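In what follows, a structure is listed as structure tokens, so that the remarks can point back to it.
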Amino acid sequence: MSLSLMAYIDQGRLELEPVLEQEIFNFSPLIQPVLKHILLTGGKRVRFLLVKSVYTLCSPNKEPNETEKQKYLKLGLALELLHAASLLHDDVVDNADSRRGQESTHKKFGLGLTVLAGDLLLARSVQLVADLQVPVLSKIFSQAIIETAQGEISELNFLKNIELSEAEYYKIIEGKTAWLLRASCELSALLACAEEKTVTALTEYGLNLGLGFQVVDDALDFSPSSKDTGKPVGGDLRECKLTPPIRMYYQSLNVQAAEKFAEKFQGSGFSEDEIKDITKEIAKLGLEEKTRAIAEGFLKKAGASLKPLSLEQQSKDAYKVLYALLEYI
Ligand code: 2DE
Ligand code: MG
Ligand code: MG
Ligand code: MG
Ligand code: MG
């Protein structure tokens, strides 16, 4: 990670953390430990960083003034709360044991409190956006929630289905991951009253960043050290999700082996030993790298969509942050 991005991420954390703590404090003490567990345990705050950078880029001022800062903080907070809500519910849907190297919230606090904490955060995020009193923002924010949920629904629907097409896979990740990142950029540009062509460019950036982000996540799922993610290796295979590395592995098999693989994928699933073996095979075939190369395509596209921005915008640090984020991913 380039030093300046690291500094920017830390600066973002410093800005956001006190606001998050205040948010948690405003809810009933009964739910506070659950909220702390998901909101205050790591995370790079990518959505907040996007909101802040895009707003700064679109502001007529060199740096946002105090009024502007209050606006992007509110929007950035809303996106981080919504993201946290989606992770709480995602770990329930995926029956995941851990996240960011910690016990998942539902394993630690139980299903009931976890689902309800997700509901609270979801509703609060909607309220924060409504507070900004720009109707189009609420409209897009709601759409982002719908698209995200529909992405998850479609993913569930295609679990254990070896016939998932590539087009369908991209539709799923566009929903479950990219839409929220896209919305972070689009909403922030609109909040800053950017010109239409700027809004379009930044929306396109967010979408492709999001697609690249999820494809990297799918590659990291086979990363030898789950250190990178704090999640167990081969989780997507365990759940029988046809992600790019798993599809490419399947395509590498001879007819007989492929038939056997498909039968397990669509039936009983894979044993821990089989997951270990396939993970090794995926490494040998270099499929993690090939998956990363697919992601790179999206990230390049995201970079290219920044080109139409004005020279003045391109001279700002925030522009460099958007680029550095692509490199980091
Ligand atoms: C992560 O995918 C996707 C998360 C979206 C969750 C959305 C839900 C529905 P992964 P990891 C549950 C809508 C709820 C909202 C918007 C509050 O690959 O590997 O499972 O990080 O991610 O678990
Ligand atoms: Mg998950
Ligand atoms: Mg999931
Ligand atoms: Mg994943
Ligand atoms: Mg993830």
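We count ligands from 1, going down the list as the structure has it; atoms in each ligand are counted the same way. Quick caveat, the model's predicted, so the values are computed rather than measured.
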- [ ] Run the numbers for me: atoms of ligand 1, each under 4.0 Å from some heavy atom of Asp217, listed by number.
- [x] 18 (O), 19 (O)
- [ ] Just jot down the ligand 1 atoms closer than 4.0 angstrom to any heavy atom of Ala85, in number order.
- [x] 17 (C)
Open item on the list: Quick check: of its N, O or S atoms, which one does Asp90 have closest to the Mg ion (ligand 3)?
Closed with: OD1
Task: Pair listing, salt bridge (Lys or Arg N to Asp or Glu O under 4.0 Å) test, anchored in residues 123-151, at least two apart - done: Glu23-Arg124, Lys74-Asp131
TODO: Examine distances only and state if a side-chain atom of Ser305 and a backbone atom of Lys301 form a donor-acceptor pair shorter than 3.5 Å.
DONE: yes
Task: Donor-acceptor pair, side chain of His37 and main chain of Glu103, under 3.5 angstrom - done: yes
Task: Donor + acceptor pair across side chains of Glu66, Gln70 (<3.5 Å) - done: yes
- [ ] Quick one: look at His83 and ligand 1, take heavy-atom pairs under 4.0 Å, and tell me if it's side chain, backbone, both or neither.
- [x] neither
Task: Name of whichever N/O/S atom of Asp217 is nearest to the Mg ion (ligand 4) - done: OD2
Task: Sub-4.0 Å atoms of ligand 1 with respect to non-hydrogen atoms of His89 - done: 12 (C)
Open item on the list: Test of understanding: given a 4.0 Å heavy-atom threshold, classify the contact between Asp94 and ligand 1 as side chain, backbone, both, or neither.
Closed with: side chain
Open item on the list: Within 45 degrees of the ring normal and closer than 6.0 Å to the centroid, is that where the cationic atom of Lys276 sits relative to Phe270?
Closed with: no
Open item on the list: Strictly below 4.0 Å, N to O, side chains only: are Glu281 and Lys284 in salt-bridge contact?
Closed with: yes
- [ ] Give the atoms of ligand 1, by number and element, whose distance to some non-hydrogen atom of Thr148 is under 4.0 Å.
- [x] 5 (C), 7 (C)
Which atom pairs, one a donor and one an acceptor, fall under 3.5 Å between side chains of residues 168-179 and the rest of the protein, sequence neighbours left out?
| unit_1 | atom_1 | unit_2 | atom_2 | d |
| --- | --- | --- | --- | --- |
| Tyr169 | OH | Asp218 | OD2 | 2.5 |
| Lys176 | NZ | Glu155 | OE2 | 2.8 |
| Thr177 | OG1 | Gln214 | OE1 | 2.6 |

Task: Contacting atoms of ligand 1, where contact means under 4.0 angstrom from a heavy atom of Gln214 - done: 18 (O)
Open item on the list: I need the atoms of ligand 1 closer than 4.0 Å to a non-hydrogen atom of Arg99, numbered in the order shown.
Closed with: 11 (P), 21 (O), 23 (O)
Task: Asp94 atom (N/O/S) at minimal separation from the Mg ion (ligand 3) - done: OD2
- [ ] Could you tell me whether some N/O pair between Glu155 and ligand 1 is separated by less than 3.5 angstrom?
- [x] no
Open item on the list: Below 30° counts as parallel, above 60° as perpendicular, anything between as tilted: where do the rings of Tyr55 and Tyr72 land?
Closed with: tilted
Open item on the list: Between Glu296 and Arg292, does any side-chain N to carboxylate O distance fall below 4.0 Å?
Closed with: no
Task: Identity of the nearest option to atom 15 (C) of ligand 1, non-hydrogen atoms only, from Ser86, Ala123, Gly175 - done: Ser86
Task: Tyr249-Phe261 aromatic ring centre distance below 6.0 Å - done: yes
Task: Glu152 contact mode with ligand 1 (heavy-atom cut-off under 4.0 Å) - done: side chain
TODO: Between Asp90, Leu180, Asp119, Leu122, flag the one that comes closest to atom 22 (O) of ligand 1 by a heavy atom.
DONE: Asp90
- [ ] Any atoms of ligand 1 less than 4.0 Å from a non-hydrogen atom of Lys241? List them with their elements.
- [x] 18 (O), 20 (O)
